[in-house]
> 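Here you go, one structure.
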Amino acid sequence: MADPIAGNVQVAPRTSSARASKSVWPERVPTRISVTWGGSNSTSLEMSMATAKKTAKPINTASPLWNGCVPTAATAVVKRIEGFFSAPYDDNGSLPGGTWTIGYGTIVDAKGKPVSPSTPPITEAAAEQLLRRDMEGAARDVKLRVKVPLLECEAAALISWTYNLGSGNLGKSTMLTRINADQKADVPSEMRKWINQEGKQLVGLLRRRWAEAAIFVGLDATSACVRAWKEIDSLDDWPSF
């Protein structure tokens, strides 16, 4: 099926470092989600997606063409959600089943070894390098599947989206179809669809999708993240960019 509007979709882990996000925000934004359509929120979702499409006007037309690398802006949303931890920690706290993690959600260190309690502390700069390394797979997926030129800001948003939702969902999404038809104005409303976990719409995921949509149309990545968590309080919210 092309996208969540068609029914249940099990979303694959974002990368080999997939795990449930340890969020510094009120809601945790999961790595593995199921996306559905329907229920009591369908009407408000349709209205919100219509608003998303209306507000999808380019902001930063000076953004350079994407060169295939992971743009700095691609890491912004993940960094906001994960938070920075210089020392290793169990991402599930005192509960069983956690994964040792460091930096911005990294579970494999710079030497390719799983993070453990004995992993040495790292700097914030080193953590960002590890995050960019982990996002390279998503960047390759975007480069492979998108058949039209992308601005750097557009690529950054799509890499963030793909890192969270997986290459498979990118490949079968209506969003990709719209992009390859050069209908980029439809991207924010298509991103807006992917906010469900196990059939339940989450404000945390809505914030994440709004931030990615804002980055896509050219809003500064830091501003996009700050505004997403400041201005979105309910599932009906979708501020103009």
Side-chain angles (χ1 to χ4, degrees), residues 11-25 27-33 63 66-92 98-144 150 152-167 169-170 191 194 204-205 207-216 219-226 228-229:
V11 178
R14 49 180 162 89
T15 63
S16 59
S17 63
R19 66 184 183 87
S21 299
K22 187 177 182 68
S23 177
V24 295
W25 301 98
E27 294 84 15
R28 297 178 69 190
V29 181
T31 299
R32 183 185 295 274
I33 63 175
S63 180
W66 181 42
N67 63 6
C69 298
V70 179
T72 300
T75 66
V77 179
V78 178
K79 288 170 66 177
R80 285 278 176 171
I81 291 169
E82 300 287 354
F84 168 67
F85 294 85
S86 62
Y89 66 95
D90 188 329
D91 72 352
N92 214 24
T99 302
W100 283 96
T101 308
I102 200 168
Y104 293 113
T106 295
I107 65 171
V108 177
D109 68 16
K111 297 180 180 179
K113 297 180 179 179
V115 174
S116 71
S118 61
T119 299
I122 61 175
T123 64
E124 194 165 357
E128 182 163 358
Q129 288 181 343
L130 289 172
L131 176 58
R132 289 168 66 87
R133 176 205 66 185
D134 292 344
M135 298 186 85
E136 286 177 357
R140 288 193 294 270
D141 291 331
V142 170
K143 186 175 182 180
L144 175 67
L150 292 173
E152 186 174 285
C153 61
E154 295 168 342
L158 293 174
I159 291 167
S160 177
W161 189 99
T162 304
Y163 182 68
N164 178 227
L165 292 166
S167 174
N169 284 301
L170 174 65
M191 285 184 166
W194 298 79
L205 282 171
R207 289 168 173 163
R208 183 170 192 154
R209 298 287 89 87
W210 187 91
E212 290 166 345
I215 291 169
F216 185 89
L219 190 68
D220 170 78
T222 300
S223 299
C225 292
V226 171
W229 270 264

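For the single chain, residues carry numbers from 1 onward in sequence order.
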> About how many Å separate CG of L131 and CD of E124, when rounded to the nearest 0.5 Å?
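E124 CD to L131 CG: 11.5 Å, rounded to 0.5 Å.
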> Does any part of the side chain of V115, heavy atoms only, come nearer than 4.5 Å to the side chain of T101, both counted from C-beta?
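No, their side chains stay 4.5 Å or more apart.
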> Short question: side chain of T75, backbone of T72 - any donor-acceptor pair under 3.5 Å?
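Yes, T75 side chain to T72 backbone: donor-acceptor pair under 3.5 Å.
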> Walk me through whether I81 and W229 qualify under side chain to side chain contact (heavy atoms under 4.5 Å, CB included).
CA-CA 10 Å; I81 291 169; W229 270 264; 3.8 Å; yes
> Begin with the C-alpha distance, continue with both residues' side-chain angles, and end with the deciding distance and a verdict on side chain to side chain contact (heavy atoms under 4.5 Å, CB included) for W161 and V142.
CA-CA 10 Å; W161 189 99; V142 170; over 6 Å; no
> In Å and rounded to the nearest 0.5 Å, what is the CZ to OG distance from F216 to S63?
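Between atom CZ of F216 and atom OG of S63 there are 10.5 Å.
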> With side chain to side chain contact (heavy atoms under 4.5 Å, CB included) as the criterion, how do I159 and E212 come out once you've worked through the C-alpha distance, each side chain's angles and the decisive distance to 0.1 Å?
CA-CA 9 Å; I159 291 167; E212 290 166 345; over 6 Å; no
> How many angstroms lie between atom OG of S116 and atom CG of D109, to the nearest 0.5 angstrom?
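Taking OG in S116 and CG in D109, the distance rounds to 8.0 Å.
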> Once the angle between the rings of F84 and Y104 is folded into 0 to 90°, is it parallel (under 30°), tilted (30 to 60°) or perpendicular (over 60°)?
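Judged by the thresholds at 30° and 60°, the geometry between F84 and Y104 is tilted.
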> Taking atom CG of L158 and atom CG of L170, what is their separation to the nearest 0.5 Å?
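L158 atom CG to L170 atom CG measures 7.0 Å (nearest 0.5 Å).
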> What is the distance from atom CH2 of W194 to atom CZ of R209, rounded to the nearest 0.5 Å?
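Atom-to-atom, W194:CH2 and R209:CZ are 9.5 Å apart.
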> Quick one: do R133 and E136 make a salt bridge, cutoff under 4.0 Å?
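Looking at E136 together with R133, the answer is no, because their closest N to O distance does not fall below 4.0 Å.
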> Output the distance between atom CD1 (I215) and atom CG (D220), rounded to the nearest 0.5 Å.
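That separation rounds to 8.5 Å.
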